[in-house]
There are 2 protein chains.
Amino acid sequence: MTAPSARPRRRADAERSIARIVSAARTLLSADPSATTDDIARAAGVGRMTVYGHFRTRADLVEAALRDAIRAGDETLAAVDLAGDARGAVTRLLASSWEVVAESAALLAAAAEVLPAGRVHELHAEPVRRMTELISSGRDQGVFRADLPVGWLVSVVQYILHGAAEEVRAGRLASEEAADTVTKSVLSVLTG
Amino acid sequence: MTAPSARPRRRADAERSIARIVSAARTLLSADPSATTDDIARAAGVGRMTVYGHFRTRADLVEAALRDAIRAGDETLAAVDLAGDARGAVTRLLASSWEVVAESAALLAAAAEVLPAGRVHELHAEPVRRMTELISSGRDQGVFRADLPVGWLVSVVQYILHGAAEEVRAGRLASEEAADTVTKSVLSVLTG
DNA sequence: TGTAACTCGTACTACCATGTATGAGCTTTC
DNA sequence: GAAAGCTCATACATGGTAGTACGAGTTACA
């Protein structure tokens with residue numbers, strides 16, 4: 001969905017508009033999940049009608065924004081060195097994930113509201129795959145526990161990450177300490 | 001707020017209506033956080049106007065429902081034996097918390113949407129106090145870790161609990177295994 | 001340079017929920 | 001049994017957003 005590359009060609013100005021709209025959507029929805037289509041159009045410096053020209057529904061737009069955020073986050077994650085000791089790899093991965101997750105918490109909430117159940121989860125396939133692989137390999141190394149399903153462990157990591165973002169947002173956790181706190185907590189769960 | 005016992009007297013039928021409305025609100029909002037005031041009135045077997053007679057705004061109603069759920073949950077928790085070994089106490093506490101949390105996840109979402117920031121957290125003061133005390137005592141016993149703040153540990157427990165509820169709801173975790181899985185995960189984080 | 005693609009203002013429809021107003025009729029309670 | 005309290009139907013005012021329709025003007029591109 002959301003205008004894939006199926007269209008044979010698209011004019012350069014359209015391409016530009018779409019990029020600006022998606023970018024604005026990411027920014028606004030990350031600050032306030034109930035930002036309206038009109039707000040987003042304004043922020044993108046574009047008429048509301050132009051938005052509807054590229055995204056049939058609000059849901060389409062939100063999904064595009066989430067896709068973009070996930071893609072960007074995944075690029076960051078892809079740059080993390082996962083070789084060697086699984087414990088160190090997790091630490092490095094979390095140090096990067098932390099920011100991505102904290103930034104997009106509100107956007108995620110917006111998506112959960114508008115998109116059909118399970119869609120949000122589907123869109124996370126890539127980062128989930130990455131984390132699953134890492135945990136599996138740690139388990140093979142005998143470093144991580146084997147008494148809980150990998151899928152659950154991956155989920156717990158996500159929930160802790162989001163929880164920390166929420167605590168920081170609410171001012172109950174200093175943001176400088178967040179990464180360290182998250183890492184310690186996650187490693188405890190993973191090693192058992 | 002929400003009609004405390006400040007009012008000198010209230011007629012018996014009004015008392016009855018309020019009880020039915022709050023109960024219906026809890027049930028409906030726990031299934032669908034966007035249930036309308038009208039839905040709730042219907043389910044309570046009461047006219048919509050009667051609801052507005054007791055709760056000025058939707059937010060008031062949602063808060064009353066959440067209060068009631070927390071109070072009921074807290075009663076369950078109060079029955080848990082917290083004496084002796086902190087590890088065992090946590091295990092028992094989680095076995096009970098699990099159901100409470102899983103049931104009210106949607107209600108919580110409704111409250112988060114409608115109530116001012118921080119209000120939901122305030123309303124949880126009692127269960128949070130309970131958990132804080134337990135973790136502190138475990139720390140004094142030397143059983144739980146001391147390298148992370150108690151407040152954070154309490155939060156993590158909540159996030160894991162809610163996460164598990166979500167996983168069960170999405171069909172990614174069998175509900176029979178949930179309690180055990182949660183317990184193992186939480187104990188890992190607490191012991192470090 | 002002509003045509004197709006794109007932009008975008010204005011205006012409008014449709015929908016839906018909250019909350020208010022009014023008033024007739026039924027219960028409690030003293 | 002009367003006053004005060006409560007119920008609740010109908011009707012209405014409000015406010016806000018999504019999405020549609022139309023059409024004139026602008027820009028890209030071959």
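All of these numbers come straight from a predicted model, not from anything done at the bench. Chain A is the first sequence line, chain B the second, and so forth, proteins listed ahead of strands; every chain is numbered from 1. Excluded from the calculations below are hydrogen atoms, water molecules and symmetry mates; all remaining heavy atoms, backbone and side chain alike, are included.
Between B:Arg129 and B:Glu133 there is a salt bridge, since a side-chain N of the basic residue sits under 4.0 Å from a carboxylate O of the acidic one. Note on B:Asp68 versus B:Arg71: salt bridge recorded, some NZ/NE/NH1/NH2 to OD/OE distance being below 4.0 Å.
Checked by atom type and distance alone, the side chain of A:Ser104 never pairs as donor or acceptor with a backbone atom of A:Leu107 at under 3.5 Å. Counting only distance, with no hydrogens or angles, the side chain of A:Arg139 and the backbone of A:Arg145 share a donor-acceptor pair below 3.5 Å. Between the side chain of A:Asp32 and the main chain of A:Leu29, no donor-acceptor pair closer than 3.5 Å is present. One N or O on the side chain of B:Arg92 and one on the backbone of B:Asp81 form a donor-acceptor pair closer than 3.5 Å. Put simply, the side chain of B:Ser30 gets close to the backbone of B:Arg26: a donor and an acceptor are under 3.5 Å apart.
Taking atom NE2 of residue A:His54 and atom C1' of nucleotide C:dC8, one finds them 11 Å apart after rounding to whole Å. With rounding to whole Å, B:Glu15 atom CD is found 19 Å from C:dT27 atom P. Rounded to a whole Å, the CZ atom of B:Arg20 is 16 Å from the P atom of D:dC6. Distance CZ (A:Phe55) to C1' (D:dA18): 16 Å, rounded to an integer number of Å. Here the C1' atom of nucleotide C:dT18 and the CD atom of B:Glu113 are 15 Å apart, to the nearest Å. Summarising the geometry, the separation between CG on B:Asp38 and P on C:dT18 is reported as 8 Å, rounded to the nearest angstrom. Atom P of nucleotide D:dA18 and atom CD1 of A:Ile40 are separated by 8 Å, given to the nearest angstrom. To the nearest angstrom, P of D:dT20 lies 15 Å from CZ of A:Arg58.
B:Thr36 comes within contact range of the sugar-phosphate backbone alone, with a heavy-atom separation under 4.0 Å but no base atom that close.
Side-chain contact of A:Glu167 with B:Tyr159: a donor-acceptor pair under 3.5 Å is present, judged by distance alone. Judged by distance alone, the side chains of A:Thr183 and A:Asp180 never bring a donor and an acceptor atom under 3.5 Å apart.
Residue A:Ser17 places at least one side-chain N or O under 4.0 Å from the OP1 or OP2 atom of C:dT7. Contact between the side-chain N/O atoms of B:Thr37 and the OP1/OP2 oxygens of C:dT18 is found at a separation under 4.0 Å.
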Give me, pair by pair, the N or O atoms of the protein and of nucleotides 2-5 of chain D that are less than 3.5 Å apart, along with how far apart they are.
from	atom 1	to	atom 2	distance (Å)
D:dG5	N2	B:Arg11	NH1	3.0
D:dG5	N2	B:Arg11	NH2	3.0
D:dG5	N3	B:Arg11	NH1	2.2

Using a cutoff of under 3.5 Å, can you pull out all pairs of nitrogen or oxygen atoms linking the protein to nucleotides 20-25 of chain C, with atom names and distances?
none

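Relative to the side chain of A:Arg16, the nucleotides C:dC8, D:dA18, D:dA28 differ in distance, and D:dA28 lies closest.
For the helix from C:dT1-D:dA30 to C:dC30-D:dG1, the angle separating the two terminal helix axes comes to 30°, with each axis derived from five pairs and the value rounded to 10°.
Here the rule is side chain to side chain contact (heavy atoms under 4.5 Å, CB included) with B:Leu94, and of B:Leu187, B:Val157, B:Val80 only B:Val157 fits it.
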Would you check, one step at a time, whether the test side chain to side chain contact (heavy atoms under 4.5 Å, CB included) holds for A:His121 with B:Arg172? CA-CA 11 Å; A:His121 196 252; B:Arg172 293 189 291 265; 3.4 Å; yes
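Taking the side chain as every heavy atom from C-beta outward, A:Val22 and A:Ile18 approach each other to under 4.5 Å.
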